[in-house]
S.K.: 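Mind having a look at this structure? Questions to follow.
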Amino acid sequence: MTAALQLKDVCKSFGPANVIEGVSLEVKRGERHAIIGPNGAGKSTLFNLISGLFPSTSGQILLSGRQICGLKPFEINRLGLSRSFQVSNIFANMSVRENVRCAVLWSLGYGHSFWRNIGNLKEVQRKTAEVLDKVGLSDKADVPAVLLTYADQRTLEIAITIAGGADVILLDEPTAGMSHSETNRAIELIEMASEGKTLLIVEHDMGVVFGLSDRISVLVYGEIIATGTPEEIRGDARVREAYLGDEADFAEVTA
Amino acid sequence: MTDYSVDLVPDLAPSSQYKFATRVLPLLLMALLLLVIPLLEPSRTSLSLLNAVGINIVFALSYNMLLGQAGMLSFGHAVYFGFGGYAAMHAMNWIETASYDGGVWAAFPVFALPLVGFAGGAAAGAVIGWPSCRRAGVPFAMISLGLAELIAAAGLMFVGLFGGEEGITGDRMNGVEAFGLSLGPIGEVYWFIAFWAFAGTALMYAFTRTPLGKLAQAVRDNPERVQFVGYNPNKVRYLVFIAAGGFAGLAGGMSAVNYEIFTPESLSVIPSGLVLLMAYIGGARYFAGPILGAIMLTYMQSNFSDYSEAWLLYLGLLFIGMIMFAPRGLAGLLLSAVSGIQHSLTVKSLLRWGAYCTAGLLVVVGGVTLIELAVRRSNGFGEVFEPFGLHLSPEQVLPWMYGGVLLAAGVGLLTALHKVGEGESK
Ligand SMILES: Nc1ncnc2c1ncn2[C@@H]1O[C@H](COP(=O)(O)OP(=O)(O)OP(=O)(O)O)[C@@H](O)[C@H]1O
Ligand SMILES: [Mg+2]
C-alpha cells in the first residue's frame, strides 16, 4: 500500500539559511503521526512545503503516491490534503457559519457557481451544520469570527481544516496557548475528526503527543533525527540528547 | 456518532421572517418607490436627475462588487462603463440602419440595449482582467489606474470606434418598441431606467448570495486561507471582475440610451474617481451603501455645480471628512442612528446628538463662507457672496471674520464634545 504522504530528501533554504535539510518521512494511511522538535526546528516550514505555500528547494513530496511538488496550495487541497495554521488564519469579518460554509463548498462540487442561491443548497447547509456540531460551535454560528475567544478561534481553525473532508490532515500546534481544559476538549475533537483519516500533527505538549500518536518524528535543526512509536522515541538516546537540559523534563512528561 | 439526516441537524439558517425582512422587503420597497415616483408628477428636471441617479446606482453597485465584496481597489472602473456604453451606442445605430435596410438588428428593441452594454463591459473585463487580476492590493490598483489612462487616451485616437472628442451619437426612437414604450419623452425613459436600475440592483444583490459571491468575501477577508479550502483567489477575483465589468457595462448601456451620446470622457479617470467616491461615501461595507452614495453625489453634482464653482472642493472635503469621521459611510451613520434610537434614547444622548449636529453645522457654515469668499476674491470680478439675502463682500474684513469665528466655534465645540466623550468612556 502506498503511503498517504511521503517526503523524499526534501530541502528548503531561505537565502543562505538552510531551514529544512534533507527530510525523508513516510506517513502511513490512517496513521496519527506527530512531529516534535524545539522552537525554530522547521516544523511549520515543513508544513508550508507539504501544503504548497512555499516551493521546496529540492526533493520530492508524494500524496498517495502522486507527486505534488510544484502544485499550488488549492490544487493540493483539492487532492485531499488540508492543513491548519499555527496562528489562527480565519475569515475574520465573516460569521462562524460562513467560515465553515466557505470551506465545504469546493468539496461538494459547487466550484465558482454564481447561478445558485447558497441558502438553497441543502447539502451545504447540512454539511456546515454537521461540522459546527462536531466541533461544538453551533451556538456561536452567527458570531463574527473576529469576536470569538482565542480558544474558539483555534477550534474554528480546525473546523475549517476538516470541513472539506480531506483524507490527509495537517494540524500545526492546534492546542498552543490553550488552557488545560481547553486542550483536553481540543484533543477529543482532534481524535474524533481524524478517525479514519491520516493525521500529521505538530505539537509541543508532550502529554498530548504521546497520548495521541501512533508514531512520532523528531525534527531538530531541519533534520529528522528519529522516527518511531512513542515507546521507541521515549527510549531514544539522541532524542534525549536533543532535549538536553530538559532531559529531566522530557523523562517526566513522557513517562 | 451522530446520524446527520436532514431533519436532525439544527437549522442554523435564519428564520424565513428574518430572510423576508432583510432580503426581499428592501427590494419590494425599492420597486414600490420606483412605481410611485411618476404618480407625483415630477418635473422634467427632476426626471432627468432621477434618470442620472438610476444609472449611477447600477454603476456604483457594480463598483462595490470589487471594492466592498472582493476587496479590490480599482481606479479605472469607468473603462467598463465606457465599453458597455459604446457597445450599446453602436448597437443603437445598427438598429437604426437595420430599421431601413433590414437585418438582424431590426428585431432588437432599444429597450434591451443595456444587455449589449453588459456584454461589452463583461468582455472588456474578461480581456483586461486576465493580466490585472493576477495581482492584488496596491499592484492591482496601480494597474487599473494605468489602464484607465491608457484606454482614455486610446479613446481619442481610435475615432471609428469612439468617435473622437465629439463621441458618437444615436437615436433611441428606432426599432421594435418594448412594453409599448417609444422612449421618446423623458417620462418613458424613466420607466426604462427604473426597470434596469431595479433589475441590476436585484441581480447584484442575488450575486452576493451565491457561492462565488461568498467566496469573494472570503478572498477580501483572507486570500491566503482561501487557497487552503480549494479555491484559487486570483480566479475568484477574475470572475468577480468580469461580473463587475458586466454590470458597469449595463449602466453604460442605460446611459447611452438616456443621453443618446457617448464620449471618450466617460471612460476616463474622472468618472472612475467619482464612482469610487460614491461607493466609499455611501458605505462600501454595506450592499445599499453605494445606492445612498450614488443618490447623494448625483444630486450634488447636478445642483451644487450650478450654485458654486467650488463644488469639487466640497466633494473632496466631504470625502476626507467621511474617511476620518465616518469610515462606514452614510449607511453606517444611518445604522448607528437607528440603533441609537432603539437602544439608548435618553435625554442625555439626545442632547449630545444635538450638540454634535450644531457643531457640524457651525463648521459647514463657517467653512462654506470662507471658501465662497475666497473663490470670489481670487476671481477678482468684485463679486459678492449673497447667501439668504446677506451681503458679504470679499473685499471687507468683517465677512471673513464671521466665517472664521463660526468655523472656530464649530471646531472648538467638536473638540470639547470629543473630550467629554472620551472622559466618559474611561
Ligand atoms: N519565510 C521565511 N523566510 C525566512 N526564514 C524563515 C521563513 N519562515 C521560516 N523561517 C525560518 O525558518 C526557521 C524555522 O521556522 P519554523 O517556523 O518552521 O519553525 P518551527 O519549528 O515551526 O518553530 P515553532 O515551534 O516556534 O513554531 C526559523 O529560523 C525561521 O526564522
Ligand atoms: Mg511553527
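Proteins get letters first, then strands, A, B, ... in listed order; numbering begins at 1 in each.
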S.K.: Among A:Gly164, A:Ala145, A:Ser113, A:Ala163, which has the most heavy-atom pairs under 4.5 Å with chain B?
M.R.: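 Maximum pair count with chain B is reached by A:Ser113.
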S.K.: Suppose the criterion is ring-ring contact (aromatic ring centres under 6.0 Å, His included): which pairs have a residue in residues 198-225 of chain B, not counting sequence neighbours?
M.R.: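 Output for this query lists B:Tyr205-B:Phe287.
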S.K.: Has B:Arg135 got more than 12 heavy atoms of other residues, nucleotides or ligands less than 6.0 Å from its CZ?
M.R.: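 For B:Arg135, atom CZ is not crowded (no more than 12 foreign heavy atoms under 6.0 Å).
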S.K.: Give me the contact list for residues 214-230 of chain B versus chain A, heavy atoms only, anything under 4.5 Å, ordered by residue number.
M.R.: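 So the qualifying residues are B:Lys214, B:Leu215, B:Gln217, B:Ala218, B:Arg220, B:Asp221, B:Asn222, B:Glu224, B:Arg225, B:Val226, B:Gln227, B:Phe228, B:Val229, B:Gly230.
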S.K.: Please state whether the side chain, the backbone, both or neither of A:Thr161 comes within less than 4.5 Å of a heavy atom of chain B.
M.R.: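 Both parts, backbone and side chain.
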S.K.: For the residue pair A:Arg116 and B:Thr210, establish whether any side-chain heavy-atom pair is separated by less than 4.5 Å.
M.R.: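 SC-SC contact between A:Arg116 and B:Thr210 ruled out.
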S.K.: Who are the side-chain contact (heavy atoms from CB on, under 4.5 Å) partners of A:Thr183, not counting sequence neighbours?
M.R.: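 So A:Thr183 forms a side-chain contact (heavy atoms from CB on, under 4.5 Å) with A:Thr175, A:Met178, A:Ile187, A:Asp205, A:Val208.
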S.K.: Could you check whether atom CZ of A:Arg185 has more than 12 heavy atoms from other residues, nucleotides or ligands sitting under 6.0 Å from it?
M.R.: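 Result for CZ/A:Arg185: open.
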S.K.: If you count heavy-atom pairs within less than 4.5 Å of chain B, which of A:Gly111, A:Ala103, A:Gly119 leads?
M.R.: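 Counting heavy-atom pairs under 4.5 Å, the top option is A:Gly111.
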S.K.: Please find the pair of heavy atoms, one from B:Tyr231 and one from A:Cys102, that lie closest to each other, and give the distance.
M.R.: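 Shortest heavy-atom contact: CE1-O, 4.3 Å.
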S.K.: Rounded to the nearest 0.5 Å, what separation is found between the OH atom of B:Tyr238 and the NE2 atom of A:His112?
M.R.: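 Spacing of OH (B:Tyr238) from NE2 (A:His112) equals 12.5 Å.
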S.K.: Who in residues 52-62 of chain A is close to chain B, using a strict under-4.5 Å heavy-atom cut-off?
M.R.: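 Answer by number: A:Leu53.
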S.K.: Select, from A:Val124, A:Ile76, A:Ile90, A:Asn93, the one with the greatest count of heavy-atom pairs under 4.5 Å involving chain B.
M.R.: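 Of the options given, most contacts go to A:Asn93.
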S.K.: What distance separates B:Thr208 OG1 from A:Phe114 CZ, expressed to the nearest 0.5 Å?
M.R.: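 Here the interatomic distance stands at 15.0 Å.
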S.K.: At their closest point, which heavy atom of B:Pro211 faces which heavy atom of A:Leu121, and how far apart are they?
M.R.: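 For B:Pro211 versus A:Leu121, the nearest heavy atoms are CG-CD1, 4.0 Å.
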